[in-house]
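Computed over heavy atoms, backbone and side chain alike; hydrogens, waters and symmetry mates excluded. Here the structure is a predicted model, which is why all the values come from computation and not from measurement. Chain A is the first sequence line, chain B the second, and so forth, proteins listed ahead of strands; every chain is numbered from 1.
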Amino acid sequence: MTDSAQALVSDSYKYGFVTDIDEDRAPPGLNEDVIRFISAKKGEPEWLLEWRLGAFGRWQKMSEPKWANVHFPPIDYQAASYYSAPKQKAAPKSIDDVDPELLRTYEKLGIPLHERKALAGVAVDAVFDSVSVATTFKDKLGELGIIFCSFGEAVREHGDLVQQYLGSVVPQGDNFYAALNSAVFSDGSFVYVPPGVRCPMELSTYFRINAAKTGQFERTLVIADKGAYVSYLEGCTAPQRDENQLHAAVVELVALDDAQIKYSTVQNWYPGDAEGRGGIYNFVTKRGACRGARSKISWTQVETGSAITWKYPGCLLEGDDSVGEFYSVAVTNNRQQADTGTKMIHLGRNTRSTIISKGISAGKGQNTYRGLVRVQPKAVNSRNYTQCDSLLIGQKCGAHTVPYIEVRNPSSRVEHEATTSKISEEQMFYCRSRGLSQEDALSLIVNGFCKEVLKELPMEFAVEAQKLLSVSLEGSVG
Amino acid sequence: MLEIKNLHASVDGGREILKGVSLTVRAGEVHAIMGPNGSGKSTLAGILAGRDGYDITRGSVIYDGRDLLAMSPEDRARAGIFLAFQYPVEIPGVNNMYFLRVALNAGRKARGEPELDAGQFLKTVRNKLKLLEIDDDLLQRGVNVGFSGGEKKRNEIFQMAMLEPRLAILDETDSGLDIDALRVVANGINRLRAPNRAIVMITHYQRLLDHVAPDFVHVLSEGRIVRSGDKSLAAELEKTGYAGVGV
Ligand SMILES: Nc1ncnc2c1ncn2[C@@H]1O[C@H](COP(=O)(O)OP(=O)(O)O)[C@@H](O)[C@H]1O
Ligand SMILES: [Mg+2]
């Protein structure tokens, strides 16, 4: 690549810097000893070590899924290191104990961790490589009985809750990457909102991969007890590196009777360069269980980063009258590949699900929507509405829609609509003839296309997401 | 203000559509271009606004001393050129008001003027609505999405009033309008007539010219201006048809 092209890429991915920090890391490779090492490093109880080893046993017998419409060279799982943590003298008791270099990193990312500087109305858990480095507004949330902390801390302080719910939505052996995560997961966030409590601020986790030659395997568990409400957002970035790095996270959500969880993701992992070198493999399992009656889980995702995205945030609609929603924007530019969608499994009576998916392909990007809607015999009177729109920018990209629809009772109804369109020259010309630059015209048209999804994002992040869309599509017209 | 000299244009790699058009438009003037379907009127309008897909094989267009054909569509817009589209384009999910504000501010920024904030913008919108005597029912909808033909044309006139161009080119803005809508459009054009502004109206019919009196009328036929005159030419056309003027 020429210098000027390099400059362009660096310019468009502004999070590509590396933080120079001492790290504690496991030797490369994966075996039971490494898992014991991770567990010991984290001072985990015996039951969790056993759980990890159980997952590892399953993983060894599994193979990577091959059905997704993505292509990549084989991953050598023995070459990566499965634990990397910034070296800190002792576990930080407050923000003031956190390594200033780390704090500066998050400042650079636009996530100030000092509470007095923090974004109003947003509490943040910052995960750097494999470890949670700081959580803001903990005390304030604690007054309401809300637990918001790193996964590691939850294991230590709220072991019974973790033991009760861990793996209850995504079982250890759910799929290859989930099994791998269950064996080696490092840290992540934990949320518990007690009965009847409405969480007064957005909870947010900011994931950052920094170290080279490691994977990131975080685990998130969110529990909304009866009648509780919580809105949760995750953001992710990584340095620009020529190698591919694996990110295999697991997110489990549990909503009890009348509870609501809104889970939003703005995924901006490094996508690789224009030739497809480097970038994150984002192989993630996310699932929510609407366990209680009248509970509701909404997934909103804006996926602009990663070399490859493989994720299907879904809902198990177990409770009667429960509701699942999935709103997604996925952008693939240059050589990015995305195979993403959702699974809505209707189990309870009168359950409802809505799927709105917007795929945008530019450059040589490949974008696949893959969605399963299954209505079980007992889920009488259930409804699903799916709308799947694809937008193509240029001639060399692709969009694919793969719906799986299984309805096993006669009183339920499933609707599926799909469209594919191109940004028309006439739309671009119309905008430009009113004085908009080419980039602004594209960004306007794309944001209009995604509007139904973007309006689901919490206010504070909607603007960011719009900018991100524009940046991700830079250089795709003209 | 605008000097078109011997303009020849063909569709990319294909047939010649404009076969030597020359036209001079000065500030303050209103020109009407008439002509049968397929004579090249929209092609001329599109080329002036910077639409892609044409080969200019000969001739030149000078706007305010600049080589217009070398400018991007957005630069032309920012320099005061406005095209009211014969077929306005739908942009789903983009609020009409928002679109207008972005467009207005793009021009202001390019001219080094401060951008309008939401409050100032709203005030301007109100003023223009009043001036044009039109309703605000279209403002909160997606740009042209689900608009009737008449609503689209009215929206173009509203955009024109907001953007205050120096050279407005109206491509059949009067087509398909009922008499009330025609009056709105004509009123909008008349309000915009100004000593420092020129208007080029492309139309099929005498009827718009009953409301907006042009200074000059030109007849375009098969890519050439075959007759030019004052507004009496339009009246003659009305009587005798294009055949009567030798088309
Ligand atoms: N992009 C194009 N490709 C091919 N032919 C075109 C294109 N644009 C215009 N034409 C042809 O050029 C001629 C003039 O068209 P147009 O300028 O739209 O006429 P008018 O507006 O006067 O009705 C017509 O024969 C039309 O079919
Ligand atoms: Mg025409």
Could you name the residues of residues 414-426 of chain A that have a heavy atom within less than 4.5 Å of a heavy atom in chain B?
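The residues closer than 4.5 Å to chain B, in numerical order, are A:E425, A:E426.
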Using heavy-atom distances under 4.5 Å, tell me whether A:Y430 contacts chain B through its side chain, its backbone, both, or neither.
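Answer is both: backbone and side chain atoms of A:Y430 are under 4.5 Å from chain B.
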What part of A:C450 gets within 4.5 angstrom of chain B, counting heavy atoms only: side chain, backbone, both, or neither?
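Neither part.
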Could you go through residues 60-67 of chain B and list every donor-acceptor pair under 3.5 Å that involves a side-chain atom there, pairing it with any protein atom two or more places apart or in another chain?
{"unit_1": "B:Y63", "atom_1": "OH", "unit_2": "B:A79", "atom_2": "O", "d": "2.8"}
{"unit_1": "B:D64", "atom_1": "OD2", "unit_2": "B:R166", "atom_2": "NH1", "d": "2.4"}
{"unit_1": "B:D67", "atom_1": "OD1", "unit_2": "B:L69", "atom_2": "N", "d": "3.2"}

How are the rings of A:F429 and B:F85 set to each other: parallel, tilted or perpendicular (split at 30° and 60°)?
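Ring orientation, 0 to 90° scale: tilted.
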Any donor-acceptor pair under 3.5 Å from A:R432 side chain to B:D75 backbone:
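No; zero donor-acceptor contacts below 3.5 Å.
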Do the side chain of A:Q427 and the main chain of B:E90 share a donor and acceptor less than 3.5 angstrom apart?
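Answer holds: yes.
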Exercise: identify the closest heavy-atom pair between B:A77 and A:G435
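Scanning both residues, the minimum pair turns out to be CB-N, 3.4 Å.
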Is any side-chain heavy atom of [Y] closer than 4.5 Å to one of [X]?
X	Y	answer
B:V102	A:L436	yes
A:I445	B:I91	yes
A:R434	B:P73	no

Please list, chain by chain and in numerical order, all residues satisfying side-chain contact (heavy atoms from CB on, under 4.5 Å) with A:E303, sequence neighbours excluded.
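Partners of A:E303 under the side-chain contact (heavy atoms from CB on, under 4.5 Å) test: A:T265, A:Q267, A:N282, A:Q301, A:T309, A:K311, A:A330.
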Top contributor to chain A contacts, counting heavy-atom pairs under 4.5 Å, from [options]:
options	answer
B:K109, B:R51, B:Q159	B:R51
B:V94, B:N95, B:N105	B:V94
B:G50, B:A106, B:P88	B:G50

Please list all pairs passing the salt bridge (charged side-chain N to carboxylate O under 4.0 Å, His left out) test where one or both residues lie in residues 114-131 of chain B, with sequence neighbours left out.
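Of all non-adjacent pairs touching residues 114-131 of chain B, those that pass salt bridge (charged side-chain N to carboxylate O under 4.0 Å, His left out) are B:K128-B:E164.
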Is there a side chain to side chain contact (heavy atoms under 4.5 Å, CB included) between A:C431 and B:F99? Walk through the geometry before answering.
CA-CA 9 Å; A:C431 294; B:F99 178 69; 3.8 Å; yes
